[in-house]
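To find a chain, count down the sequence lines: A is the first, B the second, and so on, and within it residues start at 1.
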2 protein chains.
Amino acid sequence: MPLSYTEENYIKAIFKLSEKDDQPVNTNAIAKSIATTAASVTDMIKKLSEKGFVYYERYKGVTLSPEGKSVATQLIRNHRLWEVFLVNKLQFGWDQVHDLAEELEHIKSTDLINRLDTFLGNPKFDPHGDPIPNREGKFTLRNQTTLGTLLTDQTGILVGVREHTTPFLAYLNGLNINLGTELKIIERIQFDRSVKVQINGKEMSMFTEQVSQNLFVKLK
Amino acid sequence: MPLSYTEENYIKAIFKLSEKDDQPVNTNAIAKSIATTAASVTDMIKKLSEKGFVYYERYKGVTLSPEGKSVATQLIRNHRLWEVFLVNKLQFGWDQVHDLAEELEHIKSTDLINRLDTFLGNPKFDPHGDPIPNREGKFTLRNQTTLGTLLTDQTGILVGVREHTTPFLAYLNGLNINLGTELKIIERIQFDRSVKVQINGKEMSMFTEQVSQNLFVKLK
DNA sequence: ACGTAATTTTAGACTTATCTAAAAATAATT
DNA sequence: AATTATTTTTAGATAAGTCTAAAATTACGT
């Protein structure tokens, strides 16, 4: 029996919450992440545990099994390839594609996805700079820091964004900031850790710490 | 509330069953068409009737309301545009795309579909020769007959197929028959109404009546 | 370490879509 | 026209996923 969209969404949520540290994930964290109740999460986790996608011990949180991780990686591959399609081929903005990719990612056909990959020229990163896992599930790593770590007079090239929400991306659009944009630190305000930044050698702008922490850059 | 995939599939089934004559559709016909039971169909029809997508009277069958027809037309537009994408861009065979398009068609975004339409060059027909309704739901009509009606020595150009099943399309693949292929009637066998046909001026082949009734052609 | 707070699980109810089996209505046959 | 056959609907049950409210467990604070 194939997994339902709902089951897949739980697996994805668990993957994202344990991505960094690979630690067990709390019931409440999952509930918040997919806007449901703790009770529903407990029910679903039991089911996923019986099916072998997660390891679960009552009151102790949940971790993905290798099968679960594989499902999550596949979904992320699907999602990011569809985002590339929507932006590069259908001319959507990077702030418009998340919800559509969220639906498209559930169409389960490795043949479809591999053909799409080929059609798009085997991209390594999606429109937000996130790495696209390959057929074997391997992610391309990239050395990146956040804009917040750069020193005065250093220039970073935008290679990714942490936040994917429409408001944040639309804000960047308003400043003509895209992947590849050069951001030069003109001044750092100690008081609130905001920074004055020059964009592509032209306009100046102020970024709060919250903004600069959400911008991934590589040093020019 | 948006329609569920299930509700949409019922609406599509009713549309297809009443397409020709626009007559009320039987409960049993719907049940057979989507491989479910008459009881389930009755339940769903009641629901769709309350929502205004069908007109329904107990024991008298069901017809689509204008809203229902609009939903069906939209789904057909989605389905056929995705089929064009899969065949023309991702290099799928015309015998491989039905099930995938069946999933893709349910993604509800007119923006997505209109952009896809533009990207594909506003095609008027899908890979099986079926007309693609435009944004307003209008189908392009085409004068066509079946190969069965052609006389000896007449040549038809394949413009569509009635059957969309994988076995039938794969059979045509085996004979190198595609849209655009020229089919010349060499001989008609009165006994069983089978025909001897020359394909693209080269190979000969025999078609049973069942085959020639499923091939739409225009006279050369 | 003991009581309180927070988290997690269980219990029971609800919704959607499905099914089987029985009842009701319509259609067909003699 | 009456009986039989077919079709359709109803009734009741099941499964997936969700919820609220209550119970169980774990964590925290003094």
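- When each of A/K60 and A/Y10 is assigned the nucleotide of DNA chain D bearing its nearest heavy atom, the one mapping closer to the 5' terminus is A/Y10.
- Salt bridge B/K69/B/D22: present, at least one basic N to carboxylate O contact under 4.0 Å.
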Query raised in the report: Stepwise, does the ring pair (Phe, Tyr, Trp, His ring centres under 6.0 Å) test hold for B/H98 with B/H128?
Result: CA-CA 10 Å; B/H98 184 268; B/H128 309 106; 7.7 Å; no

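- For A/L169 against A/H164, the heavy-atom pair with the smallest separation is CD1-O, 3.5 Å.
- The aromatic rings of A/H106 and A/Y5 sit parallel, their planes meeting at an angle under 30°, below the 60° perpendicular limit.
- Separating the NZ atom of B/K51 from the C1' atom of C/dT16 is a distance of 10 Å, rounded to the nearest angstrom.
- Taking atom CD of residue A/E50 and atom C1' of nucleotide D/dA16, one finds them 13 Å apart after rounding to whole Å.
- The ring of A/F85 has its center closer than 6.0 angstrom to the ring center of B/F85.
- Put simply, B/K46 has no side-chain N or O that comes within less than 4.0 Å of OP1 or OP2 on D/dT9.
- In this structure, a donor-acceptor pair under 3.5 Å is absent between the side chains of B/T146 and B/T149.
- Among C/dT10, D/dT9, D/dT10, the nucleotide with an atom closest to any side-chain atom of B/A38 is D/dT9.
- Taking atom CE on A/M44 and atom P on C/dT9, their separation rounds to 15 Å, with Å as the unit.
- A salt bridge is absent between A/E67 and A/K51; no separation between the charged side-chain nitrogens and carboxylate oxygens falls under 4.0 Å.
- Remark: nothing in residues 21-31 of chain B comes within less than 4.0 Å of DNA chain C through any heavy atom.
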Would you tabulate the nitrogen or oxygen pairs shorter than 3.5 Å linking the protein to nucleotides 19-24 of chain D?
from: D/dC19; atom 1: OP2; to: A/T36; atom 2: OG1; distance (Å): 2.4
from: D/dC19; atom 1: OP2; to: A/T37; atom 2: N; distance (Å): 3.3
from: D/dC19; atom 1: OP2; to: A/T37; atom 2: OG1; distance (Å): 3.1
from: D/dC19; atom 1: OP2; to: A/S40; atom 2: OG; distance (Å): 2.6

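- Of the N and O atoms on the side chains of A/D192 and A/S194, at least one donor lies less than 3.5 Å from an acceptor on the other residue.
- Rounded to whole Å, atom P of D/dA16 lies 13 Å from atom CG of A/L48.
- Among the atoms of the strands shown, only primed sugar atoms or phosphate atoms (P, OP1, OP2) are found under 4.0 Å from some heavy atom of A/Y56.
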**Report entry** Residue pair A/N122, A/R135: steps toward the side chain to side chain donor-acceptor pair (under 3.5 Å) verdict
**Finding:** CA-CA 10 Å; A/N122 304 109; A/R135 288 164 203 223; over 6 Å; no

